[in-house]
Amino acid sequence: MIRTLDRYLFRELIAPFFVGTVAVVIMFLANTLIFYSEYLFKKEIAFTAVLQVLLFSIPSALNLTLPVGITIAASLSIARLVRESEITAIRAAGIPIRRTLLPIMVMGLIVSGLSFYVYEKLTPVSERRLKETLRKIFASAEAIGVRSNVLLKLDNGRYHISIGTVQQAPGGGVQMKNVLMFHTPKRGEFWVVTAENSEYKDGLFTMYQPSIWVFEGTRLVQFEVKDKHVISQRVSIESFFGQPLAPEQNLTQLRETVKVLRERGNLVQAREYEVEYHNRFSVPFACAIFAIFAPVFSIHFSKGGPFVGLLLSIFVVFLYYNVWVISAQKLAKAGFLPPIVGAWLPNVLFLIIAVIALWRSE
């Protein structure tokens with residue numbers, strides 16, 4: 001009987017899960033289409049370009065909609081069983097509520113795995129393609145290889161360089177504007193070097209017509225303006241243009257990015273990438289939590305009508321996302337919470353509530 005019940009509940013879940021997920025994804029894509037409609041009507045953007053934007057937006061939309069899909073499926077399925085007194089019959093046969101809901105929990109874990117796959121394998125690729133498409137559409141500064149406000153730390157901290165703007169040079173290397181460099185050649189001595197124009201090519205960092213201040217402690221001991229100031233230091237071209245955005249990287253790349261940023265002393269940005277690393281696990285796991293939450297809410301509020309539990313479950317999903325934004329995206333990235341705590345705190349809180357609600361449902 002148990003296996004028959006499991007298969008029965010699985011069949012009940014499949015249709016509402018797909019319908020609910022697809023419906024919410026279409027809603028997200030419709031918002032994107034509305035945003036670009038003004039440009040379409042003015043014929044500033046080709047319709048095929050907008051279709052590419054919509055296509056590449058689907059994986060990131062799925063990251064948000066899969067938890068909603070499993071919530072809708074679990075709520076509707078259990079609401080129908082309660083409405084037609086099937087839950088009562090199951091309990092009369094001696095099967096406890098927690099065992100009845102086991103197939104839904106398993107479905108939640110399966111959807112969590114699917115969400116993790118989309119987050120890890122599909123989203124980084126789609127985000128890169130989406131970014132490339134948007135660059136071509138709007139011809140932004142980044143489309144021609146320009147980046148602003150770049151910070152570099154070289155030679156184990158002996159050089160700290162702030163660059164106003166940097167762009168790729170036609171013959172290779174990079175060209176820079178408004179460069180400010182702090183250099184500590186020996187203990188107790190440091191240099192401040194500024195230059196309007198600089199370039200990097202073949203391992204040579206060249207500053208043209210630089211102004212150089214040499215300090216010993218707090219005392220200025222030398223000032224000069226030279227034709228050029230050359231530093232021999234191997235730097236990857238990617239260092240000038242920063243790391244790819246977190247959504248464009250997989251877990252291995254995120255770990256490497258965090259390591260590189262820490263070595264450069266950029267702890268704030270490293271923390272942001274570390275939060276994204278933990279989000280790759282915590283956000284998909286939310287699907288399993290909602291697979292517990294949704295049916296319990298449907299059972300508790302079944303007397304209010306078939307859709308009361310569904311509406312409350314969806315409300316809980318959006319409440320979760322608000323707590324997650326505050327915890328992971330705000331507090332953790334600002335340094336008020338450790339990255340792993342900020343990413344997982346909403347899951348822990350809602351899992352405790354879900355387990356308590358499931359226990360009380362007995």
Side-chain angles (χ1 to χ4, degrees), residues 15-76 111 114-144 146-148 244-249 272 275-276 279-280 282-284 286-287 290 294 307-308 310-330 333 346:
F17 169 72
F18 280 105
V19 172
T21 302
V22 171
V24 180
V25 168
I26 291 175
M27 182 181 68
F28 275 97
L29 297 183
N31 288 333
T32 303
L33 183 60
I34 291 171
F35 175 81
Y36 291 109
S37 61
E38 179 182 353
Y39 303 98
L40 280 172
F41 292 141
K42 293 180 180 179
K43 298 183 179 180
E44 295 178 0
I45 301 177
F47 184 68
T48 54
V50 175
L51 288 180
Q52 290 180 4
V53 170
L54 296 178
L55 177 64
F56 297 139
S57 299
I58 290 176
S60 60
L62 280 173
N63 295 330
L64 299 175
T65 57
L66 284 174
V68 179
I70 189 62
T71 300
I72 292 174
S75 296
L76 288 178
V111 176
L114 174 62
S115 179
F116 178 79
Y117 177 82
V118 172
Y119 218 154
E120 170 67 5
K121 299 297 183 180
L122 301 184
T123 301
V125 177
S126 67
E127 285 294 318
R128 288 194 294 268
R129 297 292 297 274
L130 175 62
K131 189 175 180 181
E132 292 171 3
T133 303
L134 291 176
R135 284 176 177 177
K136 293 176 182 178
I137 289 175
F138 294 108
S140 65
E142 290 186 351
I144 55 176
V146 176
R147 191 172 179 87
S148 302
L245 296 176
E248 302 172 20
Q249 301 187 35
E272 293 178 358
V275 170
E276 177 63 23
N279 284 340
R280 292 291 173 89
S282 64
V283 174
C287 297
F290 295 136
F307 292 103
V308 174
L310 171 63
L311 293 176
L312 287 174
S313 298
I314 294 177
F315 170 78
V316 169
V317 173
F318 286 104
L319 179 62
Y320 167 88
Y321 277 123
N322 280 278
V323 174
W324 173 75
V325 168
I326 295 172
S327 176
Q329 303 300 92
K330 300 298 182 182
K333 289 186 177 181

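Just so it is clear, the model here is predicted, and its values are computed rather than measured.
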task: Taking all heavy atoms of Val125 and all of Lys121, pick out the closest pair and write down the distance.
output: CG2-O, 3.7 Å
task: Report the distance from atom CG of Leu62 to atom CD1 of Ile58, rounding to the nearest 0.5 Å.
output: 7.0 Å
task: Calculate, to the nearest 0.5 Å, the distance between atoms OH and CG belonging to Tyr117 and Leu66 respectively.
output: 13.5 Å
- line: The complete set of side-chain hydrogen bond (donor to acceptor under 3.5 Å, both in side chains) pairs with one or both residues in residues 49-67, sequence neighbours excluded, reads Asn63-Thr123
task: Could you pull out all residues at least two apart from Tyr320 that satisfy ring-ring contact (aromatic ring centres under 6.0 Å, His included)?
output: Phe290, Phe350
task: With the side chain counted from C-beta on, respond yes when Leu29 and Leu33 share a heavy-atom pair under 4.5 Å apart, and no when they do not.
output: no
Side-chain (Ser115) to main-chain (Val111) donor-acceptor, under 3.5 angstrom: no
message: Leu64: which residues meet the side chain to side chain contact (heavy atoms under 4.5 Å, CB included) condition with it, sequence neighbours left out?
response: Phe28, Tyr321
task: Taking salt bridge (charged side-chain N to carboxylate O under 4.0 Å, His left out) as the test, write out the residues that go with Glu127, two or more places apart.
output: none
message: Evaluate Phe116 against Val283 for side-chain contact (heavy atoms from CB on, under 4.5 Å), listing each step before the verdict.
response: CA-CA 8 Å; Phe116 178 79; Val283 174; over 6 Å; no
- prompt: Who are the salt bridge (charged side-chain N to carboxylate O under 4.0 Å, His left out) partners of Glu272, not counting sequence neighbours?
  reply: none
message: Around atom CZ of Arg129, are there more than 12 heavy atoms from other residues, nucleotides or ligands closer than 6.0 Å?
response: no
- prompt: How would you list, by chain and number, every residue that makes a side chain to side chain contact (heavy atoms under 4.5 Å, CB included) with Phe18, sequence neighbours excluded?
  reply: Ile14
- prompt: Considering all heavy atoms of both residues, which atom of Ala328 and which atom of Asn279 are nearest to each other, and what is their separation?
  reply: CB-OD1, 3.8 Å
field: Atom pair CZ/CD of Arg280 and Gln249 - distance to nearest 0.5 Å
entry: 8.0 Å
Residue pair Thr21 / Val68, side-chain heavy-atom distance below 4.5 Å: no
- line: One should read off an interatomic distance between Glu248 CD and Leu130 CG, to the nearest 0.5 angstrom, of 9.0 Å
field: Spacing of CZ belonging to Phe318 relative to OG1 belonging to Thr71, to within rounding of 0.5 Å
entry: 9.5 Å
